[in-house]
**Q** 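Below is the structure I would like to discuss, written out as structure tokens.
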Amino acid sequence: MPRSDQLLKIVCRTLAIGSAAVVLLIFCFLLRESWPAIASLGVVRFFTDESWHAQSGQFNLTPMIVATVITSLGAIILAAPLGIASAVFVQFYAPPALATWHRRLVELLAGIPSVVFGLWGLVVLAPLVASLGGSGQNLLTASIILGLMILPTIALLTDSAIGSVPRTWIQGAAALGLQRSAVVGKVVLPAAGRGIGAALVLAITRALGETMAVLMVAGNVATMPTSLLSPGRTLNANIALELGYATADHRSVLFVSGLMLMLIVSVLVIAASRSGGSSHAKG
Amino acid sequence: MTRVTVLIVSLLVALPLAGCSGATRAEPSFEEGGVLRGKLLLTGSSTVAPLVTEIAKRYEQLHPQVRIDVQTGGSSKGIADARLGTADVGMASRGLKPDEADLIAHQIAADGVGLIVHADNPVGELTTEQILGIYTNKINNWKEVGGEDQEIIVVHKAEGRATLEVFLQHFGVDNPAVTPDVIVGENQHAIKTVAGSPGAIGYVSIGTAEADIEAGIPIRLLPLGGVAASTSNVASGAFPMSRPLNVVTTTSPTPLATQFIQYCQSPDVHDLVKSQYFVPTASETDAQK
């Protein structure tokens, strides 16, 4: 092997190991910080305690796990049809000039800081949702905000997944006399399926990890939600709300909620890769 | 190749550990030719720390030979560190307890907490029992306390927040007994929530609320025990739901600590106190008494 190749190999391997190590390091850090709480309380108490009142020694995380999963699922249910439709529109139905501008707008949406989404949700969306009852700060509002935030991820990744479907397939399908809707539905979307699956996984992990915007609109009450109009506290909102003011055991318990979030994301990513939705786009 | 990898991985492992070394005792300070020099370490309350940090920045500009290090960790840590001498000065967002009489508290500001409702809410004042009833889910509609037929939305603070502690202590209620509809973090979050929801009630730092009312945000501060919730009533000590923000020393602080505390209590820093939404206290300093 030439010397330059050897060098490149070393550099690439080192960088690859480095980027993988970051995740492991974060995991180790979370484990180390949360260990005092796990060791002294045991894992079971995080599911069986009466409520979450860390300063009174109650550490039930279950309502937060439920709220985290509900808001993320809600977001993906809202954003997936919109995102995929947006990509199909850009690729097959929009005039070229409009397609360019549409793409730019969606990219712009991706660039809006999450705190802006949160503030808009708090002062505009929440009062609107409040007309359904309650304070307007609830799981529904959080899902809508999260849906808007992950929409560009789905739209842009689906767009590129569709773009990587071989042109010859599409031309072949058209040559067979299929209508455009049939080409999209029967040929393009199935062919881009894995890429779209990867887009959805990436979007849902982003939704699971989002903090500030959710904190501002979800109500943050750490009790078991009974409907979409119930307030809910996500695991990461829990950390953001209390970490700055927590000491000793309370602080350690908050790292447990971070660990829990990481486990949820891991389970999701592993499940997605097992079920065939490979984590890299087909191309 | 593997050696390089091991090196990089071990470096990455070591990095997060490196930031965890404990606080070290500041060097003793001394005065030399009339110029103050030395280091000062303050630890304690996370409520007081941002204010002291701002004051310390200004003090360091005035006295370039002085370095002031401010670390948080809660009022109890501030008091323990001041007592043990691991810090020169402790910070506490509360008064001293009887068993802490071996220390001296120097008040640098006051923090008042007031109840806020939407500006359209016709309710003029709530009694202590009514507020307790609202926060413990016994009263759920404004018409029960003389308002309109509207559901009450209870806005509460997250655990550990300073305003929450003042509120719980004033009303003598345990946090698990409170049944909130919304839990917020920052004061601004509470104010925006109440402003956006006509049936809501919450409590925030009075300084913040006053600034926002002036800016035209539709909220109203409720009087408490017949006393209007205003920064002037907090400064005079008339408003019941307030607390002192203190720095704490032993009976024999270092000269530099004494100097710095006098500066913290002087009118020179009142603008900083107000910018943090706290209330400056009378300008006579404890250290001079």
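Residue numbering restarts at 1 for every chain, and letters A, B, ... go by the order of the sequence lines. Everything numeric here is computed off the predicted structure, so don't read it as measured data.
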**Q** Any non-hydrogen side-chain atom of A:H53 less than 4.5 Å from a side-chain atom of B:V178?
**A** no

**Q** Return yes when atom CG of A:D49 has more than 12 non-hydrogen atoms of other residues, nucleotides or ligands closer than 6.0 Å, and no otherwise.
**A**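 It does: A:D49 CG has more than 12 such atoms within range.
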
**Q** Using the side-chain contact (heavy atoms from CB on, under 4.5 Å) definition, which of the options B:V154, B:T193, B:V182 pairs with A:S135?
**A** B:V182

**Q** Kindly compute the distance separating CD1 (B:I183) from OG1 (A:T223), expressed to the nearest 0.5 Å.
**A** 8.0 Å

**Q** Answer with side chain, backbone, both or neither: which region of A:A240 has an atom nearer than 4.5 Å to a non-hydrogen atom of chain B?
**A**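 Answer is backbone: N, CA, C or O of A:A240 sit under 4.5 Å from chain B.
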
**Q** Looking only at heavy atoms and a cut-off of under 4.5 Å, which of A:G136, A:A54, A:A126 has the most pairs with chain B?
**A** A:A54

**Q** Going through the checks in order, is the side chain to side chain contact (heavy atoms under 4.5 Å, CB included) test met by A:L215 and B:H189?
**A** CA-CA 10 Å; A:L215 188 154; B:H189 191 178; 3.8 Å; yes

**Q** Taking the side chain as every heavy atom from C-beta outward, state whether A:L241 and B:E159 have any pair of such atoms under 4.5 Å apart.
**A**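 Answer no - side chains too far apart.
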
**Q** Can you tell which of A:S51, A:A130, A:G134 has the highest number of heavy-atom pairs within less than 4.5 Å of chain B?
**A**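 Heavy-atom pair counts peak at A:G134.
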
**Q** Return the minimal non-hydrogen interatomic distance between A:E242 and B:A158, and the atom names on each side.
**A** CG-CB, 4.3 Å

**Q** Among A:Q137, A:H250, A:R233, A:R251, which residue has the highest count of heavy-atom pairs closer than 4.5 Å to chain B?
**A** A:Q137

**Q** Sort A:V221 into side chain, backbone, both or neither according to what part of it lies under 4.5 angstrom from a heavy atom of chain B.
**A** both

**Q** Select one option (side chain, backbone, both, neither) describing which atoms of B:I153 are under 4.5 Å from chain A's heavy atoms.
**A**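 Interface part for B:I153: side chain.
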
**Q** Other residues, nucleotides and ligands only: do more than 12 of their heavy atoms fall within 6.0 Å of CD on B:E148?
**A** no

**Q** A:Q55 vs B:N175, test: side chain to side chain contact (heavy atoms under 4.5 Å, CB included). Steps then yes/no.
**A** CA-CA 9 Å; A:Q55 296 196 326; B:N175 200 26; over 6 Å; no

